[in-house]
Amino acid sequence: MGHGHDHDHSVDAAAGNDVPEALDLSIPDSELSPSDNSRRKFLRGAGLLGAGAAAASVFARPGAAAAAGLPHTHDSAGGGFDQGGFSWLAGDHHIHTQYSSDAQYRVLDQAAHGRAYGLDWLVITDHGSATHAKIGVDKVNPDIVKTRSELRDLLTFQGLEWNIPGAEHATVFVHPGKNEVDVLKRFENAYDGSLLPATNTVAQNEALAIEGIRFLGEQVRQRKVEGALFLANHPARRGIDSPHEIRNWRDADPTVAIGFEGAPGHQAAGIPAPNGRGGARGYYDNNPSAASFAGYPLESYRTWGGFDWMTATVGGLWDSLLAEGKAWWITVNSDSHVVYLDQSDRGPNSNFDANGRYNDPVYTGKTLTTAGDFWPGYYGRTNVGSRSFSYRSVMDGLRAGRVWVDHGRLIKSLDARVRQTGDRRPHTGTPLGGVLQVKRGTSTELTLDLELQDTPNWATFIPKLKRVDVIVGTVTGPVTDRDGYTTPNTRVVKSYEIDKSDGRVSLNFDLGRLDKPFYVRVRGTDGNRTQPGLMGAAIDPYGPKLDVAGDADPWADLWFYTNPIWVLPR
């Protein structure tokens, strides 16, 4: 792992000093200067000022943004910059153990494998259920505490996989501490969808999901736990996470609900038979049901280059959220239950319903070719820019969106920043997840430093990065249709062909003179499988290809994605 030094310049932003008058709604329009009045009119016309805007938009004033856990706002005039390096800590937030009814491994088994495969942090997320709600959270905690003691160079969080009322699943986890079990247990018993009356209406379920997220935020504000995070899992798998629900989760508490899986786990499920299960990557082998959002296309029920349709489609649902100015991040993980090519099984004489767990796994000598999962860290990595090796720093990095993800260890490292054109100071600029504020008309540029892979991955080959795409979208403000899932102003603006096979690659892209707010994000690929994106070749000429169920070798199609950086007028 490439670990940088700790370097915290967030004090100025958090203090909320020198708030631009145009953003301070306590100052009447009549008392503003002509330039500030013009700026306020622009922001108001875009729907980016007013009730609720500060809580859910990157246009929140710096002090409010920091207080809400939104990305720090960086002003080109100085102050509030994240200058200097981060420790990039690889992790996995979606892992199951013998305390899940469809899994089998001990906490220590999953954690030790994750550490061996290069992870710095992980989250244990056993399924919420009637059985789990009674005894699971309590019973797994000693195993997690023991793992923390035995594997001190691995950060092991306790969480659970929430059955979101009326929707899919989500990772929910909290900062370790004396109340972690109590908070998770009260949350699960009050808000898990598996425990709610079957007679609940759609509206009742959606309201309870919002209440659950707010409950978690309240536990932090009451200092029961130092932090709590929510990440929606496999969001397009069954089509039941509607666009308005995703927006509602985000707006319920942006310090808690921070994003969704850009790519699901279960990536081994597409390995062709007889060597593998011969199914669909991510178990994305569904069709619309009565509970599905009717607006989603059939293509949304499959993965694209191993990634969820919501993330893989340039100009699609993820971009529609970013174009609103919503800080909404992507991750990847293993969703590890039962591992491909493992040779173990659940312990004999297990009684899960009575005990809330299976007995410890036993060696069988029979190779599991039909299992769909990899060990944590074996295939997917969520790389978090952290200020130190600590639970709090990982949670802060996730909340701030300092995250890039990859499959199959496509690259070794990545540093992306946006800065004023020509600024050549080391580590200068706004990192992933951040907001750069500059005067209108100022020229900015994207700098991207990549370290190419020179070490074999766990499939024993060295991946080759072939292409890097720069994706830019205009920020247009809140939508009137909360079930909208496209934005017409996002596209691939530049593709770089990579002809080196090792060493470092540094790319600079001129973003032009700022005339309207925008964001930029980056992706890269080995180039093995591409096709025009669903929004058309003019938007995305060489995007990921639709995965074919039964013939989807995950190692033959590798991608990395970054979270966005915003550039706004000040």
Side-chain angles (χ1 to χ4, degrees), residues 56 162-170 193-194 196-213 230-252 257 259-264 266 279-305 307-324 326 328 330 473 476-490 531-536 539-540 543-549:
W162 182 28
N163 296 292
I164 308 172
E168 261 281 8
H169 301 162
S194 68
L196 299 178
T199 55
N200 270 13
T201 65
V202 170
Q204 286 174 319
N205 282 331
E206 291 187 7
L208 281 166
I210 291 170
E211 285 185 27
I213 291 168
F230 159 106
L231 289 153
N233 294 337
H234 37 74
R237 183 180 64 169
R238 296 164 55 207
I240 61 175
D241 289 2
S242 65
H244 76 264
E245 287 177 284
I246 294 171
R247 288 182 167 93
N248 288 345
W249 302 334
R250 169 63 188 155
D251 293 349
F260 54 36
E261 289 181 354
H266 307 308
R281 289 175 82 168
Y283 294 142
Y284 274 46
D285 53 4
N286 300 286
N287 293 302
S289 68
S292 300
F293 175 66
Y296 288 150
L298 289 175
E299 292 92 341
S300 70
Y301 292 84
R302 301 292 180 268
T303 54
W304 295 72
F307 276 72
D308 187 288
W309 161 87
M310 293 184 182
T311 293
T313 302
V314 175
L317 194 146
W318 184 34
D319 282 315
S320 76
L321 298 171
L322 303 181
E324 287 189 71
K326 290 186 185 296
W328 189 252
I330 62 165
T476 52
V479 294
T480 54
D481 177 10
R482 290 178 68 84
D483 273 325
Y485 59 84
T486 62
T487 181
N489 299 314
T490 300
Q531 71 177 71
L534 277 176
M535 302 290 285
I539 300 294
D540 185 10
K545 199 166 186 177
L546 178 68
D547 289 318
V548 177

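Here the closest non-hydrogen pair linking S320 and G484 is OG-O, 3.9 Å. Heavy-atom minimum distance, W162 versus A209: CH2-O, 3.5 Å. The heavy-atom pair separating D251 from R482 by the smallest distance is OD2-NH2, 3.0 Å. What you find for S242 and F293 is that their closest heavy atoms are CB-CD1, 3.9 Å. The two atoms that bring F307 and G262 nearest to each other are CD2-O, 3.2 Å, heavy atoms only. Nearest heavy atom pair, residue I210 against residue A252, reads CG2-CB, 3.8 Å.
Taking CG from N163 and NE2 from H169, the interatomic distance works out to 4.5 Å, rounded to the nearest 0.5 Å. The CG atom of L321 sits 7.5 Å away from atom CH2 of W328, with the distance rounded to the nearest 0.5 Å. Considering CE of M310 and CG of L317, their distance stands at 5.0 Å, rounded to 0.5 Å. Atoms CG and OG, on N287 and S289 in that order, are 9.5 Å from each other to the nearest 0.5 Å. Interatomic distance, CZ of R281 versus OG1 of T303, reported as 5.5 Å (0.5 Å rounding).
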After noting the C-alpha distance and the side-chain angles of N200 and L208, does the key distance pass the side-chain contact (heavy atoms from CB on, under 4.5 Å) rule?
CA-CA 10 Å; N200 270 13; L208 281 166; 3.6 Å; yes
Side chain to side chain donor-acceptor pair (under 3.5 Å) assessment of T487 paired with D319
CA-CA 7 Å; T487 181; D319 282 315; over 6 Å; no
Run the ring pair (Phe, Tyr, Trp, His ring centres under 6.0 Å) check on Y296 and Y301 step by step: do they pass?
CA-CA 9 Å; Y296 288 150; Y301 292 84; 7.4 Å; no
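For the pair P235 and E261, the minimum side-chain heavy-atom distance is below 4.5 Å. For the pair I246 and K326, the minimum side-chain heavy-atom distance is 4.5 Å or more. Under the 4.5 Å side-chain criterion, counting only non-hydrogen atoms from C-beta, H266 is not in contact with H234. A heavy-atom distance below 4.5 Å is found between the side chains of T486 and M535. A heavy-atom distance below 4.5 Å is found between the side chains of I240 and E168. Contact check for R237 versus N286: side-chain heavy atoms found under the 4.5 Å cut-off. For the pair F260/I330, a side-chain contact is recorded, criterion being any heavy-atom separation below 4.5 Å from C-beta on. Between E299 and W304, the closest side-chain pair of non-hydrogen atoms falls below 4.5 Å.
With sequence neighbours left out, the salt bridge (charged side-chain N to carboxylate O under 4.0 Å, His left out) criterion links R247 to E324.
The backbone N or O of P532 sits nowhere less than 3.5 Å from a side-chain atom of D540 that would complete a donor-acceptor pair. Between the side chain of R302 and the backbone N or O of V548 there is no donor-acceptor pair closer than 3.5 Å. Under the 3.5 Å distance criterion, the side-chain polar atoms of T313 are left unmatched by any main-chain donor or acceptor of G533.
With respect to W309, the ring-ring contact (aromatic ring centres under 6.0 Å, His included) criterion is satisfied by exactly one of W318, Y485, Y284: Y485.
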